[in-house]
Amino acid sequence: MNVSQAHLLSLANRRVVAIEEHGVTIMAMNRIQFQPGLSMPEFLKDYGTEAQCEQALEVVRWPEGFRCSRCDGAAHYMVCDGSRKVFQCKTCRHQTSLIAGTVIQGTKLPLTVWFLAIYLISQAKTGLSSLALKRQLGVSYPTAWLMHHKLMQAMAVREERYLLDGKVQVDDAYLGGERTGGKVGRGSENKVAFVAAVSLSEDDRPLRVRLSLVLGFTMKAISAWAKDHLAPASAVCSDGLSCFGAVTEAGGSHHPTVMAGRKPREVPEFRWINTVLGNLKTSLSGCYHAFDFQKYAARYLAAFSYRFNRRFDLRSLHQRLLIAAVTTTPQPLRSIRIADVRC
Ligand SMILES: [Zn+2]
């Protein structure tokens, strides 16, 4: 395409821009899609060796230099244990490694493989399947699956730190069924219910997304959801589904829209929640041909939200995911395999 990136980016400051070239509209885009990511050569230059990955991990773990997790001492020795660096505290003799206490604790894989997984997952715009990860990393499928789920769990833990506030659009949504993405709408069969919510800026741009599993659309479930995920002064917009009135129990206000026979996707007030759900469906159908919605929906939804909520920051997303992996505590295999958390 013979159009300079600078030109594209300046055009892209409007949310959606159609580029005309040779009289033909070649694509619509926005500034999120055209932001520069981190190229593979750039990534390999910075993280291509085990020593580089160790150094990067050490900086993320101890930005101010080593600190003993037991006595907070800074003085330490380096001890050799095979190929892994071991840090021994001079004061209390406690030993730790770069990966101890992180979500990748206990791994036998080289750090370069983990870093490559973090890079691939963070740069894949619509997500990456365990199968694709297996092919790209050259590991077995069970290994790729476990790496993928541990990193998605780190994303999920990170997402839990934020509340939605200000204007918030909510809708009832479902995953599951024979088709990936599932049937949409109340009353469909074989489904997993979740609350889709997006907070908006003053000028009605989407800020943060939260997709949360619920046992059903009841007053009790929505009340619990609101207390967990909404800041007290939120102003929640929904359709007329009565259970959403329970958001006021978390201290916010509720503004139902009369649908008058229309579906949410036909109502301008729900533009952003519809966009988010459309993106989610594209992501799931494009990347994940099959996964157990009943067991793992929460983690996939959180991974989607994690990526969406950091969509302006593609270039540093691998670094942020590394921080998430380092600050998430080790996950027992049992909890990785049985995942669901619902209101
Ligand atoms: Zn110590």
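Only this structure's heavy atoms are used, side chains among them; waters, hydrogens and symmetry mates stay out. Just so we're clear, the structure is a prediction, and the values are computed from it rather than from any experiment.
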Practice task
Evaluate the criterion side-chain contact (heavy atoms from CB on, under 4.5 Å) for residue pair Met78 and Phe87; output intermediate values, then yes/no.
Solution key: CA-CA 5 Å; Met78 297 302 300; Phe87 297 72; 3.6 Å; yes

- Gln331 and His149: side-chain contact (heavy atoms from CB on, under 4.5 Å), yes or no, with the steps? CA-CA 10 Å; Gln331 306 289 308; His149 278 256; over 6 Å; no

Interatomic distance, CZ@Arg307 vs CG@Asp313, rounded to 0.5 Å, equals 14.0 Å

Rounded to the nearest 0.5 Å, the OG1 atom of Thr275 sits from the CG atom of Leu280 at a distance of 12.5 Å

Next item on the list: Classify the side-chain pair Thr49/Gln52 by whether it contains a donor and acceptor separated by less than 3.5 Å.
Entry: yes

Open item on the list: Within the 4.5 Å heavy-atom criterion, are Met152 and Tyr296 side-chain neighbours or not?
Closed with: no

Correct closest heavy-atom pair for Leu322 and Leu57 would be CD1-CD1, 3.9 Å

Item to complete: Measure the shortest side-chain to side-chain distance between Leu175 and Leu284 over non-hydrogen atoms and say whether it is less than 4.5 angstrom.
Response: yes

Using a 3.5 Å distance criterion without hydrogens, assess whether the side chain of Thr218 forms a donor-acceptor pair with backbone atoms of Ala221. yes

In short, Arg67 meets Asp72 closest at the heavy-atom pair NH1-O, 2.9 Å

Check: Gln136 and Leu116 side chains under 4.5 Å, non-hydrogen atoms: no

Next item on the list: Without swapping roles, check the side chain of Gln105 against the backbone of Pro330 for a donor-acceptor pair under 3.5 Å.
Entry: no

Backbone N or O of Trp62 within a donor-acceptor pair of the Glu64 side chain at under 3.5 Å? no

Item to check | is_close_aromatic(His255, Phe244), centroid dist under 6.0 Å | outcome: no

Exercise. Do Tyr141 and Leu146 share a hydrophobic cluster (ILVMFWY, side-chain heavy atoms under 4.5 Å, transitive)?
Worked result: yes

NZ (Lys134) and OG (Ser140) are apart, to the nearest 0.5 Å, by 8.0 Å

- Query: Just by modelled atom types, is the Ala74 backbone N or O under 3.5 Å from a matching donor or acceptor in the His76 side chain?
  - Reply: yes

Between Val103 and Val157, is there a shared hydrophobic cluster once you connect ILVMFWY residues whose side-chain heavy atoms come closer than 4.5 Å?
no

Tightest non-hydrogen contact, residues Ala100 and Arg61, listed as O-NH1, 2.7 Å

Here the salt bridge (charged side-chain N to carboxylate O under 4.0 Å, His left out) pairs for residues 140-161, sequence neighbours left out, are Glu159-Arg208, Glu159-Arg310

message: Determine whether a donor-acceptor pair (N or O, by modelled atom type, separation under 3.5 Å) exists between the side chain of His148 and the backbone of Leu128.
response: yes

message: Tell me whether Val276 shares a hydrophobic cluster with Leu207, the cluster being built from Ile, Leu, Val, Met, Phe, Trp, Tyr side chains joined at under 4.5 Å.
response: no

ask   = Is there a donor-acceptor pair under 3.5 Å between the side chain of Ser305 and the backbone N or O of Leu301?
value = yes

Nearest heavy-atom approach of Ala197 to Leu164 is CB-CD1, 3.5 Å

Next on the checklist: Check whether Glu249 reaches the backbone of Ala246 with its side chain - one donor and one acceptor, N or O, closer than 3.5 Å.
Outcome noted: no

Closest non-hydrogen contact found for Ser122 with Leu317 is O-CD2, 3.2 Å

Compare all side-chain heavy atoms of Ile104 with those of Leu111 and state whether any distance is below 4.5 angstrom. yes

Rounded to the nearest 0.5 Å, the CG atom of Leu277 sits from the OG1 atom of Thr282 at a distance of 10.5 Å

Would a 4.5 Å heavy-atom cut-off, applied to side chains only, mark Leu321 and Tyr119 as touching? no

Check your understanding: For the ring pair Tyr47 and Phe43, is the centre-to-centre distance below 6.0 Å?
Key -> yes

For this session: Kindly determine whether Leu120 and Leu137 satisfy side-chain contact (heavy atoms from CB on, under 4.5 Å), including the steps that lead there.
Result: CA-CA 9 Å; Leu120 292 170; Leu137 299 180; 4.0 Å; yes

Decide side-chain contact (heavy atoms from CB on, under 4.5 Å) for His229 and Ser212; before the verdict, give the C-alpha distance in whole Å, the side-chain angles of both, and the deciding distance to 0.1 Å. CA-CA 9 Å; His229 301 298; Ser212 322; 3.6 Å; yes

query = Do you reckon Leu163 sits in the same ILVMFWY cluster as Ile222, going by side-chain contacts under 4.5 Å, direct or chained?
reply = no

Closest non-hydrogen atoms of Ser234 and Asp165, given as atom of the first, atom of the second and distance, are OG-CA, 3.6 Å

Is any side-chain heavy atom of Met155 less than 4.5 Å from a side-chain heavy atom of Ile121? yes

Next item on the list: For the residue pair Val214 and Asp172, establish whether any side-chain heavy-atom pair is separated by less than 4.5 Å.
Entry: no

For residues 36-57, the salt bridge (charged side-chain N to carboxylate O under 4.0 Å, His left out) pairs (sequence neighbours left out) are Glu42-Arg315, Glu50-Arg84

In this structure, OH of Tyr162 is separated from CZ of Arg210 (nearest 0.5 Å) by 10.0 Å

Rounded to the nearest 0.5 angstrom, the OG-NE2 distance for Ser69 and His94 is 3.5 Å

Side chain to side chain, Leu151 and Trp114, heavy atoms closer than 4.5 Å: yes

### Query
Do any N or O atoms from the side chain of Ser223 and from the backbone of Met219 form a donor-acceptor pair under 3.5 angstrom?
no

query = Are Val59 and Ile118 connected in a single hydrophobic cluster, I mean Ile/Leu/Val/Met/Phe/Trp/Tyr linked by side-chain heavy atoms less than 4.5 Å apart?
reply = no

